[in-house]
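This chain uses plain numbering: 1 for the first residue, then up along the sequence.
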Amino acid sequence: MCGIIGYNGTDNAIPYLVDGIENLEYRGYDSFGCAFDSSGKIAIKKDAGRVKDVLSKYPIDQVYSNRGIFHTRWATHGAVNRVNAHPLTDCTGEIAVVHNGIIENLDELKAMLKNHKFVSDTDTEVISHLIEEEVSKGSSMESAVKSTTAKLVGSSSFAVLSSRDNSVYAVKKGAPLVLGLAKSGTFVSSDVPSFLKYTNKVVFLHDGDVAVLKKNGYKITNLYRKEPNHSVTMVKLSYEEVDKGRYHHYMIKEILEQPALIKKLLDSGLPDIKKAAGLINPSATVYLTGSGSSFYAATVGAYMMVKNGIKAMAIQSQDIPLYRRLMSNKDTIIIVSQSGETADLINSLDSISGIKKIGLVNTKGSTLANSVDYWLDMSAGQERGVAATKTFTTSAIMLTLLAYYTAGKEKDILPDLRLLSLNVYNIFVPSLYAAVDKVAAKLKNKENVFFIGRGIDYLSALEASLKLKEVAYIHAEALDAAMFKHGPLALVDRDLYVVSFMTKKNGPSTSNNIDEIKSRSGKIIGISEENDRAFDFFIRSQPAGAFSFITQIIISQLLAYKVSVLKKIDPDHPRNLAKSVTVK
Ligand code: G6P
């Protein structure tokens with residue numbers, strides 16, 4: 001949802017910021033723009049398109065500048081075009097702003113700025129004009145930025161560069177912003193990995209923080225608190241861990257990281273899960289929530305809780321206020337989020353004050369990790385592919401373990417985790433790749449595909465169908481296999497492909513359903529531990545007891561990736577999507 005990076009220091013900012021903004025493209029990639037100091041004036045280059053395309057039109061590799069702000073956009077207000085690309089300036093062109101968020105009182109603010117000339121359809125432009133208005137009344141840049149921030153309603157983090165002084169300003173309100181403290185200067189960015197090559201010394205900004213980045217240091221004040229308390233964190237991630245390395249795409253790198261993550265969870269992740277389970281009252285109700293893939297992981301958690309005799313339900317994050325009336329103070333809500341910044345979740349937090357909150361969150365310092373009673377670290381490492389892969393499997397496994405620990409039945413599940421950690425390596429063998437390639441070639445030109453399964457296999461089907469939609473642009477629908485005969489069967493003809501998930505336990509019943517499809521000429525792709533006579537194509541998954549569904553999910557991720565690549569789509573940057581959606 002828009003990426004911001006800025007720098008002020010004694011080195012040339014341009015190579016740092018070009019590199020950093022390319023790293024932030026997972027947050028949005030509709031348009032790119034930058035503002036930098038050019039001998040006391042503000043120079044701006046921007047257009048619709050990816051960073052490298054815009055910079056090939058407007059090269060800046062010969063530029064030397066000590067301070068700048070760069071932006072990659074995921075459009076919310078105004079079409080994707082050059083004018084609406086950030087930075088947006090005031091009437092004089094002396095104040096440039098890049099922004100991540102949505103200004104909810106835009107009309108009201110614009111009405112206060114009748115004598116200003118607006119050129120774009122963005123909400124962001126109002127920030128530069130508000131600062132201009134304050135400065136024209138004699139305010140310093142710093143106090144103009146502060147009083148402007150106080151007027152904005154909604155989630156609005158932004159950075160400002162002006163020719164009126166030598167600073168870079170950064171405001172955190174909603175969307176994430178962090179400072180990176182390098183020897184040569186200070187970075188501000190939407191995330192840590194964007195500047196990790198240059199420093200791992202980080203200050204996580206809090207809501208209401210206004211940071212002033214000078215050439216030789218920084219200062220933070222907070223609009224709501226007198227003494228903002230900021231410590232410097234040494235981030236443990238290494239640059240190599242977040243780099244694509246030899247892989248063509250982050251998506252395949254992240255798919256292949258899963259066996260090692262499962263092993264790490266087995267070796268060192270269990271004590272924290274046990275601790276979280278100790279906070280849950282097993283005779284009250286457990287609500288689980290999330291958005292997108294994280295919601296589907298929440299459904300796995302709810303399924304496993306119920307299977308273990310615990311009252312549980314998964315609710316979509318935007319429905320939290322609706323379900324609040326059912327919750328009591330003995331209940332627990334488990335909030336799943338890779339980014340910890342998804343607006344649908346964050347906006348619902350106020351409605352559940354007083355309810356115990358456990359956050360299963362991958363991002364340290366995120367709004368959600370900081371707002372829950374207990375942060376259970378997903379520990380999956382940074383995920384850069386827009387489509388969730390390793391964070392989905394990590395969440396689904398951790399929630400399964402949490403369910404068994406809460407019920408006091410962990411002894412039943414730990415052998416299965418050990419089996420998974422061994423057998424998951426057997427997925428990535430040549431025969432598997434050959435089978436997946438064959439199926440990918442069949443699906444490539446399809447417009448519709450069904451994914452079916454029963455019980456936990458249906459939950460795998462939900463996530464698998466989302467992957468194919470996201471990265472391969474194929475309309476994919478997930479159905480409980482038992483429901484297929486109640487309507488969808490009318491769609492079956494010789495062109496219809498149905499992917500069937502069959503773990504051992506659910507296999508026999510699903511088998512009847514695929515026979516019904518097969519006898520009407522539909523084609524069946526089976527992802528299963530054993531072949532079935534109804535399968536037209538068979539991709540062998542690996543047994544792992546209660547975790548067998550994880551091996552099937554990993555195969556479906558690989559399948560979606562392969563179809564995406566065959567269709568020449570960039571799976572890391574699917575059209576219209578962003579990794580972290582920080583608007584309603
Ligand atoms: C976006 C992403 C999805 C993700 C969802 C929830 O829609 O494109 O891949 O599952 O947000 O994100 P979260 O960070 O809360 O897990």
Side-chain angles (χ1 to χ4, degrees), residues 155 174 206-208 224-225 229 269-379 394-410 413 459 582 584:
S155 156
H206 308 313
D207 273 346
Y224 319 123
R225 275 168 300 151
N229 187 13
L270 301 178
D272 284 349
I273 297 174
K274 193 174 172 190
K275 212 185 277 172
L279 301 172
I280 298 173
N281 179 343
S283 41
T285 304
V286 180
Y287 295 88
L288 297 103
T289 189
S291 300
S293 294
S294 292
F295 171 67
Y296 291 144
T299 64
V300 171
Y303 174 92
M304 294 296 179
M305 293 268 176
V306 171
K307 207 172 148 201
N308 280 286
I310 296 165
K311 277 184 257 140
M313 69 189 297
I315 50 180
Q316 299 193 20
S317 45
Q318 68 277 15
D319 288 337
I320 295 173
L322 172 70
Y323 283 86
R324 173 65 179 92
R325 68 203 73 202
L326 301 183
M327 297 177 190
S328 90
N329 58 8
K330 292 200 174 78
D331 297 340
T332 306
I333 181 156
I334 299 173
I335 308 171
V336 188
S337 177
Q338 187 285 129
S339 60
E341 301 293 347
T342 298
D344 293 336
L345 286 171
I346 305 298
N347 294 332
S348 301
L349 286 179
D350 282 348
S351 70
I352 44 171
S353 62
I355 305 291
K356 196 183 302 151
K357 291 180 269 298
I358 295 176
L360 178 55
V361 182
N362 199 35
T363 312
K364 184 182 162 65
S366 60
T367 308
L368 196 58
N370 288 338
S371 335
V372 288
D373 300 303
Y374 182 75
W375 168 40
L376 185 53
D377 187 355
M378 230 180 251
S379 298
T394 308
S395 308
I397 297 169
M398 290 178 80
L399 291 170
T400 301
L401 292 165
L402 188 60
Y404 280 78
Y405 271 105
T406 306
K409 295 182 184 163
E410 63 272 20
I413 192 78
L459 306 182
T582 53
K584 281 181 199 166

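- The distance from atom CD1 of Ile352 to atom CG of Asp331, rounded to the nearest 0.5 Å, is 11.5 Å.
- A pairwise comparison of heavy atoms in Asn370 and Gly365 identifies ND2-O, 3.3 Å as the closest pair.
- Between the side chains of Ser291 and Ser317, a donor-acceptor pair is found at a separation under 3.5 Å.
- Looking at Met305 and Leu402, their side chains come closer than 4.5 Å, going by heavy atoms from C-beta outward.
- Thr342 places no side-chain N or O within 3.5 Å of a backbone atom of Asp344 that could act as its donor or acceptor partner.
- Scanning both residues, Leu376 and Ala276, for their nearest heavy atoms gives CD2-CB, 4.1 Å.
- Side-chain contact between Arg324 and Tyr287: absent, with no pair of heavy atoms (C-beta onward) separated by less than 4.5 Å.
- Note that CD1 of Ile315 and CG of Leu288 are 8.5 Å apart. Values are rounded to the nearest 0.5 Å.
- Remark: Tyr405 OH to Thr400 OG1 distance equals 13.0 Å, nearest 0.5 Å.
- Of the inter-residue distances, the one linking Ile334 atom CD1 with Ile358 atom CD1 reads 5.0 Å to the nearest 0.5 angstrom.
- A pairwise comparison of heavy atoms in Ala369 and Val372 identifies O-CG2, 3.7 Å as the closest pair.
- Of the possible donor and acceptor atoms, none in the side chain of Asn308 sits under 3.5 Å from a partner among the backbone N and O of Ile310.
- Here side chain to side chain donor-acceptor pair (under 3.5 Å) pairs that include residues 351-365, with residues two or more places apart or in two chains, are Gln338-Asn362.
- Residues Ser366 and Ser339 come closest through the heavy atom pair CB-O, 3.2 Å.
- In this structure, Asp272 contributes its side chain and Gly269 its backbone to no donor-acceptor pair below 3.5 Å.
- Put simply, CE on Met378 and CG on Leu399 are 8.0 Å apart, with the number rounded to the nearest 0.5 Å.
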